[in-house]
Amino acid sequence: MFVRAGVHYVVPDFSPVQEFDGHLEPMVDQLRKALIWIYDNAKTEFGADPTRIYLSGFSSGGHLASVLLITDWALYSEELPVDLIKGAVLCSGMYDLLPVSLSARREYVNFTPETIEALSAIRHLDQITCPVVIAYGTEETPEFKRQAIQYHEMLQRSGVDVALLVGENYNHFEIIETLANPYGLLGRAALEQIQLDH
């Protein structure tokens, strides 16, 4: 859908947390490096505009994308712009890791106080420099819904350009399918955010 619309669509990969003894930080580092590579190589490798990078993420990818939004890119290179990311569509993610650390995920994820603080986007709202769309489905479990609503409210209070989309009758596994449809909940939101010239 994105390619048909004229978008250069890049899908970064990341290793599962089990490969890092439960540590989330290496996964975040992989994605930060991927985004830097995209910025550095967009023009020469695939003729894209490096000043128009938009992000989307779903579930664990929604969490990781939210962490990319709070990244201080100057720590990686003075050549990188503060507003490296121009917009984001985040769906069904976790934006505060404290409740997650109390769930069954603590059996295979190494949640330290430092990890919870550093990788909870909801605790670093002042770092977010772009418009954000947050989405969830009404048939998702309560914590997905609660976190989306709370994150939206806190971003609004912080003055961030933010929208909340509610997918009526979608569960956690169905809502992401709307990203592949230009008329779907997520697909429409992403294309509107990108604002294609044609």
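Residues: numbered from 1 along the sequence shown.
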**Asked** Do F58 and H172 have their ring centres less than 6.0 Å from each other?
**Response** yes
**Item:** C130 SG to I85 CD1 distance, which is reported to the nearest 0.5 Å
**Value:** 6.0 Å
**Request:** Carefully, step by step, assess L35 and W73 under the rule side chain to side chain contact (heavy atoms under 4.5 Å, CB included).
**Result:** CA-CA 10 Å; L35 211 56; W73 298 106; 3.7 Å; yes
**Message:** If I take atom CG from residue L119 and atom CE from residue M27, how far apart are they, to the nearest 0.5 angstrom?
**Reply:** 10.0 Å
**Message:** Quick check on the hydrophobic clustering: are L55 and L125 connected, directly or via other members, by side-chain heavy-atom contacts under 4.5 Å?
**Reply:** yes
**Prompt:** Where do H152 and A163 come nearest, in terms of heavy atoms and distance?
**Reply:** CD2-C, 3.8 Å
**Asked** Has the side chain of S103 got a donor or acceptor atom that lies under 3.5 Å from a matching backbone atom of R105?
**Response** yes
**Message:** Please determine whether side-chain hydrogen bond (donor to acceptor under 3.5 Å, both in side chains) holds for the pair Q127 and T71, giving the CA-CA distance in whole Å, both sets of side-chain angles, and the decisive distance to 0.1 Å.
**Reply:** CA-CA 7 Å; Q127 290 288 105; T71 299; over 6 Å; no
**Passing option when L185 is tested against L179, V166, L165 for side chain to side chain contact (heavy atoms under 4.5 Å, CB included)** = L165
**Asked** Taking all atoms of both residues into account, what is the closest heavy-atom pair of T129 and V82, and its distance?
**Response** OG1-O, 3.9 Å
**Asked** Do side-chain atoms of T178 reach the backbone of I175 as a donor and acceptor pair under 3.5 angstrom?
**Response** yes
**Message:** Walk me through whether V67 and L24 qualify under side chain to side chain contact (heavy atoms under 4.5 Å, CB included).
**Reply:** CA-CA 11 Å; V67 176; L24 293 167; over 6 Å; no
**Prompt:** Is a side-chain N or O of R106 found less than 3.5 angstrom from the main chain of F111, in a donor-acceptor match?
**Reply:** no
**Request:** Kindly check if the number of other-residue, nucleotide or ligand heavy atoms within 6.0 Å of OH (Y170) is above 12?
**Result:** no
**Prompt:** Taking Y136 for the side chain and I134 for the main chain, is one N or O donor matched with an acceptor at less than 3.5 Å?
**Reply:** no
**Request:** Without swapping roles, check the side chain of N41 against the backbone of W37 for a donor-acceptor pair under 3.5 Å.
**Result:** yes
